[in-house]
Amino acid sequence: MIPFIQKGDLTKLSGKRRNSICGCETKCKVFFTFITDNNDSDYILCAGDAKQFGFEILEMIGAVKSGIMFIGPNRAWTGEEERLIENYFKEHDCFDDNGRVRHGINRGLAEVLGRTREQVKEKVKRMRKEGKLKEGLS
């Protein structure tokens with residue numbers, strides 16, 4: 001049974017109730033109620049706890065690879081991310097006949113890396129200038 005998830009405003013609750021839901025150092029502003037058919041198993045998590053819970057589930061099912069996901073999008077590029085891009089371009093035909101990156105490549109890499117399409121597009125452009133990415137399969 002997949003629970004129904006409802007979002008609530010933690011700031012609208014009384015201080016005592018807010019403190020019983022959120023034990024984070026910086027108090028969360030929202031909470032999530034997980035509701036099932038059986039009302040005995042409903043529970044509430046603050047945003048911080050819900051994020052941690054979700055991360056742990058994704059980690060247990062193998063959806064989180066090498067800590068790349070769930071890191072803010074404005075961080076510096078890591079060597080691991082660059083290697084992932086390099087390996088992808090080596091293993092796949094990523095360029096069209098005009099030497100441009102094929103449609104969908106940057107968006108797909110962005111999803112894997114937890115970045116925006118524009119960030120990946122700029123990174124690929126820089127890596128091409130540096131000679132790290134070459135047209136055609138290597």
Side-chain angles (χ1 to χ4, degrees):
M1 162 68 202
I2 298 174
F4 172 74
I5 303 171
Q6 188 173 11
K7 185 177 179 179
D9 187 351
L10 202 55
T11 62
K12 292 183 179 179
L13 301 178
S14 71
K16 185 176 180 180
R17 180 75 172 130
R18 197 170 34 244
N19 289 335
S20 71
I21 294 172
C22 181
C24 301
E25 190 171 315
T26 303
K27 295 295 183 194
C28 298
K29 291 181 173 37
V30 297
F31 66 93
F32 299 92
T33 305
F34 298 82
I35 304 166
T36 61
D37 289 339
N38 179 0
N39 290 335
D40 294 338
S41 60
D42 296 350
Y43 55 98
I44 298 173
L45 294 175
C46 68
D49 289 344
K51 188 182 293 185
Q52 182 63 35
F53 181 64
F55 179 80
E56 288 174 11
I57 290 172
L58 291 172
E59 192 171 45
M60 285 182 178
I61 64 172
V64 178
K65 305 272 191 228
S66 305
I68 291 175
M69 295 178 72
F70 302 108
I71 302 172
N74 294 325
R75 69 193 188 284
W77 286 89
T78 66
E80 185 175 350
E81 289 172 314
E82 286 188 9
R83 282 188 298 280
L84 188 146
I85 293 171
E86 287 174 11
N87 290 338
Y88 189 86
F89 274 77
K90 283 179 185 175
E91 295 171 8
H92 299 86
D93 184 17
C94 297
F95 297 101
D96 64 15
D97 294 336
N98 297 322
R100 290 180 287 213
V101 177
R102 290 189 187 278
H103 180 74
I105 300 290
N106 291 332
R107 177 168 278 117
L109 285 169
E111 288 178 17
V112 170
L113 295 169
R115 296 208 177 243
T116 66
R117 180 186 156 279
E118 288 302 316
Q119 287 173 318
V120 172
K121 182 179 173 182
E122 289 302 314
K123 183 62 179 175
V124 167
K125 187 190 302 183
R126 278 189 301 251
M127 290 176 75
R128 286 182 78 179
K129 283 182 183 176
E130 294 168 0
K132 293 180 180 178
L133 303 178
K134 300 188 185 334
E135 293 181 34
L137 294 170
S138 299

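Remember, predicted model here, so these are calculated numbers, not experimental data.
The hydrophobic clustering, which links ILVMFWY residues whose side-chain heavy atoms are closer than 4.5 Å, places I57 and Y43 together. L45 and L13 fall into different hydrophobic clusters, defined by Ile, Leu, Val, Met, Phe, Trp and Tyr side-chain heavy atoms under 4.5 Å apart, directly or through other members. I21 and F53 sit in two unconnected hydrophobic clusters of ILVMFWY residues. Membership requires side-chain heavy atoms under 4.5 Å apart, directly or through other members.
For E81 and K123, the salt-bridge test fails: no basic side-chain N is under 4.0 Å from an acidic carboxylate O. Remark: E122 engages K125 in a salt bridge, criterion side-chain N to carboxylate O under 4.0 Å.
Interatomic distance, K12 NZ to R18 CZ, rounded to the nearest 0.5 Å: 12.5 Å. The distance from the CD1 atom of I44 to the SG atom of C22 is 12.5 Å, given to the nearest 0.5 Å. Distance check, rounded to the nearest 0.5 Å: CG of N106 to CD of E118 gives 8.5 Å. The CZ atom of F89 sits 13.5 Å away from the NZ atom of K132 when rounded to the nearest 0.5 Å. Distance check: I105 CD1 to K121 NZ gives 14.0 Å after rounding to the nearest 0.5 Å. Between atom CZ of residue F31 and atom CG of residue D9 there is a gap of 8.0 Å, rounded to the nearest 0.5 Å.
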Verdict with supporting geometry, L10 and K27, side-chain contact (heavy atoms from CB on, under 4.5 Å): CA-CA 9 Å; L10 202 55; K27 295 295 183 194; 5.8 Å; no
Verdict with reasoning, R126 to W77, per side-chain contact (heavy atoms from CB on, under 4.5 Å): CA-CA 12 Å; R126 278 189 301 251; W77 286 89; 3.9 Å; yes
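Scanning for side-chain contact (heavy atoms from CB on, under 4.5 Å) contacts around I5 gives F32, F34, with sequence neighbours left out.
Of all heavy-atom pairs spanning C24 and C46, the tightest one is SG-SG, 3.6 Å.
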Extract all donor-acceptor atom pairs below 3.5 Å that involve side chains of residues 95-102 and protein atoms in other chains or at least two apart in sequence.
residue: D96; atom: OD1; partner: N98; partner atom: N; Å: 2.9
residue: D96; atom: OD1; partner: G99; partner atom: N; Å: 3.1
residue: D96; atom: OD1; partner: R100; partner atom: N; Å: 2.9
residue: R102; atom: NE; partner: D93; partner atom: O; Å: 3.1
residue: R102; atom: NE; partner: F95; partner atom: O; Å: 3.4
residue: R102; atom: NH2; partner: D93; partner atom: OD2; Å: 3.1
residue: R102; atom: NH2; partner: F95; partner atom: O; Å: 3.2

